[in-house]
**Student:** 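So that we are looking at the same thing, I have put the structure below in structure tokens.
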Amino acid sequence: MAKTIKDHLQDIFDDLGKDEQRKFKSKLCDRRTEPRVRRAQIEEVEDSIALADLMVNTFTTTGAVSVTIEILQAIGCNEQATELNENVGKSAPLVPSAGASALSAEQFVDRNRTKLISRVNNVDAILDELLQMRVITDENYSTIIVERTSQEKMRKLFMGPIKSAGSKGKDALYKALKEVEPMLTEELESQ
């Protein structure tokens, strides 16, 4: 059975040892680019398995590799960064099949999270789409729809159902955005 990206991350974190893992977690916590990992989340991480889970759950499968490589290089673990890049390149392409410049739906949502929170206006229509696709439940819908501003609705959507649904949720959100906010989506894709 082929190794998953989470398996490759776990192997790298095992190779780091305790001291380098501490440095890695410290750098991860200091990282200011969204999505961010909070100190409380880092403190709950006890081993390589939990650290790999945290990376994939926070940054998605694709994003976890690039963030891990970025941090490994920042703490001087260039050998591990190169190894991870080579191993993942063999098992799963980092570049989507549409072409080198194209972003996957998951990458698009991760990269533009802050802009989406501040600029999406028709959140109710997006919630309708996500409910129809069964990404969110009636309960999620009811909880989010009562928020007063579009920004509060988007934040709650990101921190709840989309985070829980992982890459499938991000794919569905991307489809809903293309349907409901096509001009915004096109603009963000071109940046």
Side-chain angles (χ1 to χ4, degrees), residues 5-6 9 27-42 44 52-71 92-191:
I5 288 181
K6 197 183 286 189
L9 291 173
K27 278 285 186 201
L28 179 61
C29 193
D30 293 341
R31 192 170 175 275
R32 296 291 169 229
T33 309
E34 290 291 339
R36 293 176 56 194
V37 177
R38 304 289 179 230
R39 187 164 304 281
Q41 292 173 290
I42 300 258
E44 292 176 7
D53 283 339
L54 175 67
M55 294 300 291
V56 170
N57 291 338
T58 303
F59 301 106
T60 71
T61 317
T62 312
V65 173
S66 57
V67 172
T68 300
I69 290 171
E70 167 194 321
I71 294 173
L94 291 176
V95 180
S97 58
S101 63
L103 287 176
S104 70
E106 201 172 6
Q107 290 170 319
F108 173 85
V109 170
D110 288 341
R111 186 181 80 177
N112 295 296
R113 182 180 187 276
T114 305
K115 290 176 186 166
L116 292 171
I117 288 171
S118 65
R119 294 186 57 195
V120 170
N121 288 316
N122 199 355
V123 182
D124 294 357
I126 290 172
L127 292 173
D128 292 339
E129 291 283 328
L130 294 173
L131 183 62
Q132 187 172 350
M133 290 185 246
R134 295 184 172 178
V135 174
I136 63 174
T137 63
D138 289 330
E139 184 180 344
N140 295 140
Y141 184 91
S142 300
T143 304
I144 296 169
I145 203 96
V146 297
E147 294 295 330
R148 290 183 297 145
T149 67
S150 296
Q151 291 81 12
E152 289 170 348
K153 289 176 184 180
M154 285 300 288
R155 273 191 203 93
K156 200 163 219 174
L157 178 63
F158 269 110
M159 293 310 293
I162 297 301
K163 187 175 183 178
S164 295
S167 60
K168 288 184 180 179
K170 290 177 183 177
D171 288 344
L173 176 58
Y174 176 73
K175 288 176 189 165
L177 286 165
K178 283 192 76 81
E179 185 73 29
V180 176
E181 297 269 1
M183 299 300 285
L184 174 61
T185 307
E186 283 177 34
E187 179 189 330
L188 295 175
E189 283 177 329
S190 68
Q191 293 178 354

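Values reported hereafter were calculated over all heavy atoms of this structure, with side chains retained and with hydrogens, waters and symmetry mates removed.
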**Student:** How about CD on Gln132, more than 12 heavy atoms from neighbouring residues, nucleotides or ligands closer than 6.0 Å, or not?
**Tutor:**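 Not more than 12 within 6.0 Å, no.
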**Student:** List the atom pairs, donor and acceptor, that lie under 3.5 Å between side-chain atoms in residues 180-188 and the rest of the protein, sequence neighbours left out.
**Tutor:**
from, atom 1, to, atom 2, distance (Å)
Glu181, OE2, Asn121, N, 3.1
Glu181, OE2, Asn122, N, 3.0
Thr185, OG1, Leu177, O, 3.2
Thr185, OG1, Glu181, O, 2.8
Glu187, OE1, Arg119, NH2, 2.9
Glu187, OE2, Arg119, NH1, 3.0
Glu187, OE2, Arg119, NH2, 3.4

**Student:** Crowded around Lys175 NZ? As in, over 12 foreign heavy atoms under 6.0 Å?
**Tutor:** no
**Student:** Pairs in or reaching into residues 135-146: which pass side-chain hydrogen bond (donor to acceptor under 3.5 Å, both in side chains), with residues at least two apart or in two chains?
**Tutor:**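 Every side-chain hydrogen bond (donor to acceptor under 3.5 Å, both in side chains) pair that includes a residue of residues 135-146, provided the two are not neighbours, is Asp128-Tyr141, Thr137-Asn140.
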**Student:** Taking all non-hydrogen atoms of both residues, which atom of Val135 and which atom of Ala172 are closest, and how far apart?
**Tutor:** CG2-CB, 3.3 Å
**Student:** What closest approach, in Å, do Ser66 and Gly63 show between heavy atoms, and which atom pair accounts for it?
**Tutor:**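 Distance-wise, the nearest heavy atoms are OG-O, 3.1 Å.
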**Student:** Would you call Lys178 and Glu189 a salt bridge, using N to O less than 4.0 angstrom?
**Tutor:**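 Answer for the salt bridge query: yes.
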**Student:** I need the Glu106 CD to Thr60 OG1 distance, nearest 0.5 Å.
**Tutor:** 3.5 Å
**Student:** Step through the shown structure and confirm whether more than 12 heavy atoms of other residues, nucleotides or ligands are within 6.0 Å of CZ on Arg39.
**Tutor:** no
**Student:** How close do Pro35 and Thr58 get, heavy atom to heavy atom, and via which atoms?
**Tutor:** CG-O, 3.5 Å
**Student:** Quick check for you: to the nearest 0.5 Å, what is the distance between Glu129 atom CD and Leu173 atom CG?
**Tutor:**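 These two atoms lie 11.0 Å from each other.
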**Student:** CE/Met154 to CG/Leu127 distance, rounded to the nearest 0.5 angstrom?
**Tutor:**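 Those atoms lie 8.5 Å apart.
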**Student:** If only atom types and distance count, is the side chain of Gln41 paired as donor or acceptor with the main-chain N or O of Val37 below 3.5 Å?
**Tutor:**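 Checked: no pair found.
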**Student:** Rounded to the nearest 0.5 Å, what separates atom CD in Glu147 from atom CG in Leu157?
**Tutor:** 11.0 Å
**Student:** Out of curiosity, Leu28 CG to Arg38 CZ, how far, rounded to the nearest 0.5 Å?
**Tutor:**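 Between atom CG of Leu28 and atom CZ of Arg38 there are 11.5 Å.
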**Student:** Could you give the distance from CZ (Phe158) to NZ (Lys153), rounded to the nearest 0.5 Å?
**Tutor:**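 Reported value, rounded in 0.5 Å steps: 15.5 Å.
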**Student:** Sequence neighbours left out, cut at 3.5 Å: what donor-acceptor pairs do the side chains of residues 162-171 make with other protein atoms?
**Tutor:**
from, atom 1, to, atom 2, distance (Å)
Ser164, OG, Gly160, O, 3.1
Lys170, NZ, Asp110, OD1, 2.6

**Student:** Which atom names give the shortest non-hydrogen contact between Val65 and Ile5, and what distance separates them?
**Tutor:** CG2-CG2, 3.4 Å
**Student:** For Arg31 and Arg36, work out which heavy atoms get closest and say how close.
**Tutor:**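 Smallest heavy-atom distance, with atoms named: O-NE, 3.5 Å.
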